[in-house]
Amino acid sequence: MRALWGAMTPRGKALLAILVVALLLAPLAVNRYLLSVLTLILYFVYVGQAWNLMMGYAGQLSLGHALYVGLGGYVSAALWVHFGIGPWLGVFPAVAVGAAFGAAIGWLGFRFGIEGVYFALLTIAFAEFTRIGFDHISFTGGAGGLFIPYEEKRLGEWWNLRGGQPFFYYVAFLMAAAGVVIAALLSRARIGFQWLAVREDEIAARALGINTFRAKMKAVLVSSGMTAVGGVFYAFYNNSLFPAQVFDIGRSIELILAPIVGGLGTIFGPVIGAFILTPLGEILITAIDRIGINAPGVKAVFYGLLLMIIISVVPNGVWPWIVQRFALVKRQP
Amino acid sequence: MWSIYLNVVTQGVLTGLVYGLMALGLSVIFGVVRVVNFAHGEFAVIAMYAAFILFKAYGLDPLIAAAPIALAFFAVGFVLQMVLINSFVSRPEHEQFILLVGLAIIITNALLMIFGPDAQPTNLPYAFDSYLVGPLIIDKVRVYAATAAVAVSAALFAFFRRTRTGAAIRACADNLIGAAVVGLNVKRLYALTFGLGLACVGAAGGLMVTIADATPSLGPAYTLLAFTIVIIGGLGSMSGALVGGVLIGVSEALAGFVIAPSMKSMFSFALLIAVLVLRPQGLMGKKKA
Amino acid sequence: MTQLLSVVDISKRFRGLVAVDKASFALDEGDIFAVIGPNGAGKTTLFNMIAGMLAPDEGTITFCGQRIDGMPADAVCRLGIGRTFQIVRPFPSLSVEDNVTIGALLHRSDVGAARSYARDVLAKLDLFDKRAVTASALTLPNRKRLEVARALATDPKLLLLDEVMAGLVPTETDRMVEILRGLNRDMGVTILLIEHVMRAVMALAGKVLVLHHGAAIAQGPPQEVVRDPRVIKSYLGAEVAL
């Protein structure tokens, strides 16, 4: 942790400190709507960070991360609805199930040498397979959805993850902060370097004694487990889960936008990406509402355009560009 | 009892041939340009809406409309490759993917804004006509669509085997540096290929309208379907795309009949996972050296 | 002298074509051993079998008393065999220092310790000043050095060098020879190298193996080998001026 702090320039430290304080004080200053937008941003920071570990660092393209969100959400919600087991306890089986699916996909993919586009397709296939499967599991409500009852008397039961908007905001803040710290620590540890080696050149990595299969498995396990925690938050924040919604490929894509726009394989890429994309989307919706057009697809069209422009113009993301431009991290000595 | 199954299988084969034509486009593009067209299904849906409009506004039969649509799609593909995708050919896979996913998102949601989320039935006058062959009751529309799909595929095969341009494109796919060295205009050949790939999908989309109702949400589903077919058949193998299409068509039809229509694509995905793991080069693909 | 590596009768065929044909040789600890031969003689195939990238069809490879033929590349490296690639494979978007740090992390779990060791290794290979440069921006001679530095950082007992002198000008070759000698002398690293540059082979190697069409046709001290008529006929006479 101290090393992370030490790697930043005074200007970078100051900006980070201001950001953290501002986020901590935000609920005092902003209205409920803005707080919900901030909550969404922080949620995307967290899941983006989880996906970035696998793609940005270890170079394994997953297009099915909605699978882990959905599994985490469904496991914790089902435990709560059917057995009254609270999410602080339910998060453990949620992570276990998410990571088990991650392990299955990783094992199949890496053992049989399925790479790149093929691996991405394998992840999509699993997510779609699971989506259709959940449509037919009556225990979790099938296609009709699983609902967590909204009970006035339970508001404030933080130990059951029940509360109002400010409460969920702080939960999201903690998750995002933890996500950033975990990603930073892992990327600076031995395993982080092994991931980079695998991403850059797998044959060379093996020639340096790295068991690339194990390194990739670790990446998929950490990433899927972390994402499943995001799913628990998603379930209890939204109070409802529908297979067609949570497992949709659109969800998987939404979740990877922030790290790509911000900068793959960087710690602050997913942060800056989420802070750019989510508000832009919200502003757009508001603007369209004001004009009086009722077009549900506008936001997505805008996202699509933004993706195409960003990948054409700044393919490495916004963050590396900012770092260079404003000197926020110390240059390598 | 067995005649019912035979009917279901026949129907699956016919639908599968149209799927196969769509997947053929994806396979050709990947086989030559080495870019995965993640907006493939979305283009198919554009073609469906085009055929739908031509039918509603001008009474043009989709089976005929498929031809001009394919032609228009060829032009679109050619231009798209020239102005956008050529600069991405040598970039990392995930960058190509993001570019095309961006395009796919735009297409699906633009269609959603224009046409709304509801399925648009074409209501062809002969939609419910059928041929009676022994115990079989075969929908006429499926027979027409499948025949047309086979004809287009055959034309494409002939183009690659018999013409100089086709041979040049195959040379690019086999040995890019060699092709450039002997003076082939690779960029133009790539654009031709992308155009041909989209022409396939345009024709397939036009034909598809006769057997399925157009709706924007079909886009991602068809992209996945085309992928599944191509991987099952073997990426880059043209005959594999048709075989894969028939296989998926039959498995969907059987699963939809035996288990539940809503679970039919689950079997396609299960098949895909099995093929990826057991025979990653696909059923008709060549093993990597 | 204890025996470090012993290769006995290994063969490898690719679709009926014999790439390596019953080659045998042995290295003692502290040796510098060169494998020479014309292009297509099977040198790199031989290397890839020792390094675990290919499994031999026949024969055995023993390293430190342990059979390693058919072992995966990463396991071979962990046992103490470092290698370079003929066509260099740096981690392109990482800095030179990070490239070498990854190698140093094999036997060090602390990143700080690995980093400082990586710097020592970089200094030995005249790359210290370039440590912050992105690997893809290096010149070819520097990439070759980086390749050696990265393999060396894994603390190998045996270093396999695949044509690290190719493409270097004579002064750079001499410097590389000096560096390799230093590694051998000061760190006790045994070196097995494939080399075309005879100037380097003559200066470095204590023993030479000549491969021709996959078969070992001569073996011995370099001065003797280059006088062997079969060697001159098959290889030296045609290509190399001493």
Side-chain angles (χ1 to χ4, degrees), chain A residues 1-7 55-59 110-111 113 184-218 263-267 269 315-317 319-321 323-324 327 329-333, chain C residues 47-48 51-53 72-85 87-115 118-119 128 130-136 146-147 149-156 160 162:
Chain A
M1 290 279 264
R2 207 185 301 148
L4 298 182
W5 185 246
M55 174 63 198
Y57 287 93
F110 306 144
R111 221 1 131 211
L185 289 176
L186 284 174
S187 72
R188 279 161 176 75
R190 187 196 218 174
I191 184 66
F193 282 90
Q194 292 184 344
W195 286 340
L196 290 179
V198 168
R199 177 190 82 185
E200 296 281 304
D201 187 333
E202 227 178 298
I203 290 176
R206 297 191 66 190
L208 294 177
I210 296 169
N211 184 333
T212 53
F213 175 76
R214 275 175 62 176
K216 288 193 281 186
M217 282 304 279
K218 282 180 193 165
L264 284 175
T266 64
I267 299 301
N316 293 328
W319 177 250
W321 178 79
V323 168
Q324 216 185 2
V329 176
K330 281 180 194 162
R331 286 175 151 236
Q332 291 268 323
Chain C
F47 251 45
N48 282 339
M53 268 178 70
D74 50 308
V76 170
C77 177
R78 286 196 292 273
L79 285 178
I81 299 183
R83 71 159 303 171
T84 68
F85 291 92
I87 297 158
V88 292
R89 323 184 65 120
F91 301 126
S93 65
L94 306 186
S95 71
V96 167
E97 185 174 299
D98 283 350
N99 263 271
V100 182
T101 303
I102 289 171
L105 278 166
L106 178 62
H107 294 299
R108 288 169 193 79
S109 53
D110 179 60
V111 174
R115 200 174 277 288
R119 290 184 183 189
F128 189 74
K130 301 260 185 239
R131 65 194 185 280
V133 176
T134 307
S136 58
L146 174 59
E147 196 83 2
R150 210 171 51 172
L152 194 63
T154 63
D155 303 311
L160 306 181
D162 196 345

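Below, read A as the first sequence line, B as the second, and so on, with proteins coming before strands; counting in each chain starts at 1.
When heavy atoms are compared at a cutoff of 4.5 Å, A:I203 approaches chain C by way of both its backbone and its side chain. The part of C:T154 that comes within reach of chain A is its side chain, from C-beta onward, which places non-hydrogen atoms under 4.5 angstrom from that chain. For C:F85, the part lying near chain A is the side chain, with the backbone staying farther off; criterion is any non-hydrogen pair under 4.5 Å. Contact of C:P72 with chain A is made through backbone and side chain together, with heavy-atom distances under 4.5 Å.
A:A207 and C:C77 get closest at one heavy-atom pair: O-SG, 3.3 Å. Considering all non-hydrogen atoms of both residues, C:R115 and A:F193 come closest at NH2-CZ, 3.3 Å. Shortest non-hydrogen contact noted between A:N211 and C:D74 is CA-OD2, 3.2 Å. Contact record, C:F91 with A:A204: CE2-CB, 3.8 Å, taken as the closest heavy-atom pair.
Rounding to the nearest 0.5 Å gives a distance of 11.5 Å between CG of A:L208 and CZ of C:R78. Atoms CZ and CZ, from C:R83 and A:R206 in turn, are 11.5 Å apart once rounded to the nearest 0.5 Å.
With respect to chain A, the highest number of heavy-atom pairs below 4.5 Å among C:R150, C:E147, C:M53 belongs to C:R150. No other option in C:G103, C:S109, C:A153 has as many heavy-atom pairs under 4.5 Å with chain A as C:S109.
A donor-acceptor contact shorter than 3.5 Å links the side chain of A:E200 to the backbone of C:S93. In this structure, the side chain of A:R190 engages the main chain of C:L105 through a donor-acceptor pair within 3.5 Å.
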